[in-house]
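What follows is a set of notes on a single structure, which appears directly below.
Residue numbering restarts at 1 for every chain, and letters A, B, ... go by the order of the sequence lines. Note: hydrogens, waters and symmetry copies are ignored here, and every other heavy atom, side chains too, is used.
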Protein chains: 2
Amino acid sequence: MSADTDADALADVPPMRADARRNREQILRAAREVFADQGPDAPLDEIARRAGVGIATLYRRFPHRDDLHRGVAIEVLTALVEAGSRAAAEEDDAQLALRRFMHAALDLKIGSVMPALLGRFTVDEILDGVPGDVVDPIDALLLRAQAQGLVRSDVVFGDITMMIMRLSRPLPGGGRFAADDALAHRQLDIYIDGLRPTGSPRPTTPLGGPAVDVAAFKRLRQRVIDDAREAHSEARADDTGHSDDTGHSDDSGESAAD
Amino acid sequence: MSADTDADALADVPPMRADARRNREQILRAAREVFADQGPDAPLDEIARRAGVGIATLYRRFPHRDDLHRGVAIEVLTALVEAGSRAAAEEDDAQLALRRFMHAALDLKIGSVMPALLGRFTVDEILDGVPGDVVDPIDALLLRAQAQGLVRSDVVFGDITMMIMRLSRPLPGGGRFAADDALAHRQLDIYIDGLRPTGSPRPTTPLGGPAVDVAAFKRLRQRVIDDAREAHSEARADDTGHSDDTGHSDDSGESAAD
DNA sequence: CGCTATGTGGAGAAAATTTCTCCACATAGC
DNA sequence: GCTATGTGGAGAAATTTTCTCCACATAGCG
C-alpha cells in the first residue's frame with residue numbers, strides 16, 4: 001500500500017472508469033438518505049431512482065443489500081470521525097465544540113448507520129474501513145465540556161448520540177413537512193441548551209429554523225389536507241359512496257373497489 | 001361521527017357484545033403502537049397479531065384502513081385534550097404543568113396520530129369525535145409558562161408538539177433497543193430543560209431512564225450483533241454470497257462472515 | 001478518429017409481502 | 001340450552017420488491 005491511488009493496483013481489479021466511480025458515489029449518497037428516511041429495508045428501486053441511475057447499476061456495484069449497508073456505514077462513520085476531530089481542534093470553547101459536532105452529525109444523518117451497525121454484520125467489518133476509533137473521540141468531546149462545567153455531569157454518551165439518531169429521521173407523517181431538516185436543527189439547539197448545568201451563565205442559543213406557531217400549524221395542516229384530498233379525488237374519479245354519516249360505518253363508502 | 005359510547009342508543013345498531021367491544025379496544029391500542037412504530041401504512045396483520053385477534057375481526061370492525069386511522073386519531077386526541085386540561089388544573093406550577101403534559105403526550109404516542117391528521121381525511125371528520133378544541137389548550141399551557149418567565153419567549157407551539165411526535169417513534173434500527181420508551185422520556189426531560197430562559201434559577205431535572213455511557217453502548221452493540229449473527233447463521237446455512245466486487249479494495253471477503 | 005472494454009438502463013419474470021373474503025366454529029347473553 | 005353475534009385462519013388475489021438479461025452507450029486509449 002505504497003500509495004492509495006493504486007489501491008486497485010494490489011488487487012487484480014482494474015481501476016474504475018470515472019463515470020462509474022461518480023455513479024457509485026451518487027448511489028451511496030442516495031442510500032444514506034433513503035435508509036435514514038425509511039429504514040434499512042427500504043426498496044432498492046427508490047435508492048436507484050434518487051441516485052439517478054438504473055437499478056442494474058446499483059446491483060452491479062452492490063450485489064447484496066448488506067454491501068450497501070456497509071458502504072454507507074463506512075462513509076458516514078469516516079465523515080463522523082472527521083467532523084469530531086475537526087470540531088475538537090477548531091473550537092476553543094468545549095461547549096461550542098460539542099454543539100458543532102452534534103449539528104454536523106445530524107447533517108450526516110447517522111440514523112442511517114444505526115441499522116447497519118446494529119445487527120447486520122460485525123463491527124470489525126465496518127470499522128476496518130474507518131480510520132481510527134469512532135466512539136471514544138466523541139465521548140472525549142463530552143468529557144471535556146463536562147470537565148469545564150459547561151455540561152451537566154449526569155449526561156452520558158448515549159444522550160449525545162442517540163438523540164442525533166432520533167433527529168436524523170423525518171417526522172412521522174410521510175415526509176409531508178418540508179422544513180423537516182431545519183426543524184431538526186432547531187430542536188437540537190434546544191436540546192443542547194438543556195445539557196447545561198443548573199445556573200449556567202451561558203445564554204440560550206438563538207433559535208433559527210421554522211418557528212411553527214399555532215397559526216402556522218393550522219395553515220400547514222390545512223394545506224396538507226387539501227393536497228391529500230386532491231390526490232384522493234384524482235384516484236377515485238367516480239365517488240360512489242359519499243360520506244353519509246353512519247358512525248364508524250360498517251359498509252358505507254366504496255366497498256365497490258375501483 | 002356520533003360519540004360512539006352511546007351511538008348505539010341513537011342508531012338502529014344493536015349494542016355490541018361485551019367481548020366484541022373489548023376486542024375493538026385492543027385493536028385500537030395495538031394500532032396506535034404499530035402506527036407509531038412503522039407509520040400509517042403498516043401491515044394490518046401486524047396490528048391484528050399485536051391485538052391478539054384474528055385478521056377477520058379487524059376487518060369486520062374497521063373495513064377500511066382509514067376507519068382505523070380515524071379511530072386511533074379520535075381516541076388519542078381525546079386522551080390528549082384530557083391530559084392537557086388535567087395538567088393545567090392539577091399543577092400550580094406552569095412549567096411543571098407543561099412538563100407533565102408533554103410526558104403524558106409522549107406516552108400517548110401522538111406520533112401515531114400525525115399521519116392520520118395530516119392528509120388522510122378532513123380535520124372535521126376526526127374532530128367531530130373529539131370533545132373541545134385540541135390545539136389552543138396546549139398552546140395555553142405554553143403561554144402560561146412563558147408569561148411567568150419559566151419558558152423562554154422564542155419557543156412556539158411547534159417546539160412543544162413536534163418534538164413529542166418525533167420522540168414517540170422508536171429509535172432507528174428496528175426496535176432493537178429495549179429501553180426505547182424510557183430513553184425517550186429521558187431525552188424529553190433534557191429537552192424541556194432546554195426550554196428554560198437564560199439564567200433561570202430552576203434546577204435541571206434529575207435524569208431517570210437508561211444512562212447509556214460508552215461502556216453500555218459497546219455492550220449493547222455487541223449483544224445486538226451477536227443476536228443478528230445467530231439469526232443469520234440459521235437463515236443461510238448454505239448461501240455463500242461472494243461479494244468481492246465492491247471495488248473498494250478491501251480484501252476482507254464478507255463471505256467469511258460465516 | 002475509431003475501437004473496444006467497461007458501464008448503463010429498463011423490461012419483465014420470479015419471489016415475497018400484503019390485502020381481504022369466506023365459512024366452519026365458538027360463546028355471550030338471554 | 002338456544003341463537004344471534006362474534007371469531008380465527010386458510011388461501012386466492014393484488015400489490016410490491018427483487019434481481020437478471022441484453023441491446024445500447026461512452027470513456028479512454030492509441
### Task
Find the distance between CG (B:L167) and CZ (A:R166) and round it off to the nearest 0.5 Å.
5.5 Å
### Query
Rounding to a whole Å, what distance do you find between A:M16:CE and D:dG28:C1'?
16 Å
### Rounded interatomic separation in angstrom, taking CD from A:Q38 and C1' from D:dT16
13 Å
### Query
Among all residues two or more places apart in sequence or in another chain, which pass the ring-ring contact (aromatic ring centres under 6.0 Å, His included) test with B:F101?
none
### Query
What is the distance from CZ of B:R24 to P of D:dT5, rounded to the nearest Å?
18 Å
#### Entry: Sequence-distant partners of B:Y59, ring-ring contact (aromatic ring centres under 6.0 Å, His included), two or more places apart
none
### Query
Base, sugar-phosphate, or nothing: which does A:D19 touch, judged by heavy atoms less than 4.0 Å apart?
sugar-phosphate
### Query
Which nucleotide in the list D:dT17, D:dC19, C:dG7 gets nearest to the side chain of A:R61?
C:dG7
#### Entry: Near-ring test A:Y191/B:Y191, centroid separation under 6.0 angstrom
no
### Query
For D:dG6, does OP1 or OP2 lie under 4.0 Å from any side-chain N or O of B:R22?
no
Identify each atom pair where a protein N or O and an N or O of nucleotides 9-11 of chain C are less than 3.5 Å apart, giving names and distance.
unit_1	atom_1	unit_2	atom_2	d
C:dG9	OP2	A:G54	N	2.8
C:dG9	OP2	A:T57	OG1	2.5

### Interatomic distance where CG belongs to A:D45 and C1' belongs to C:dA16 [whole Å]
14 Å
### Task
Between B:A18 and B:L44, just flag the one whose closest nucleotide in DNA chain C comes earlier from the 5' side.
B:L44
### Query
How would you list, by chain and number, every residue that makes a salt bridge (charged side-chain N to carboxylate O under 4.0 Å, His left out) with B:D45, sequence neighbours excluded?
none
### Task
Measure from CG on B:D41 to P on D:dA14 and round the result to the nearest Å.
20 Å
### Base-pair map of DNA chain D as dot-bracket, where | denotes pairing with a different strand and pairs are Watson-Crick or G-U under 3.5 Å
||||||||||||||||||||||||||||||
### Task
For the pair A:D19 and A:R22, find out whether any cationic side-chain nitrogen is under 4.0 Å from an anionic carboxylate oxygen.
no
Which pairs of donor and acceptor atoms, one on a side chain in residues 32-40 of chain A, lie under 3.5 Å apart (sequence neighbours left out)?
unit_1	atom_1	unit_2	atom_2	d
A:E33	OE1	A:R50	NH1	2.8
A:D37	OD2	A:R50	NH2	3.0

#### Entry: Nearest-Å distance for atom pair OH/C1', residues A:Y59 and C:dA14
12 Å
## Note on the structure
Atom CZ of B:R65 and atom P of C:dC20 are separated, to the nearest Å, by 8 Å
### Query
Is it the case that A:D66 and A:H69 place a side-chain donor and acceptor less than 3.5 Å from each other?
yes
### Message
Output the rounded distance in Å from CZ (A:R21) to C1' (D:dG28).
### Response
16 Å
### Task
Assess whether side chain to side chain contact (heavy atoms under 4.5 Å, CB included) is satisfied between B:R61 and B:M16, documenting all intermediate values.
CA-CA 11 Å; B:R61 225 43 81 193; B:M16 241 182 207; 3.6 Å; yes
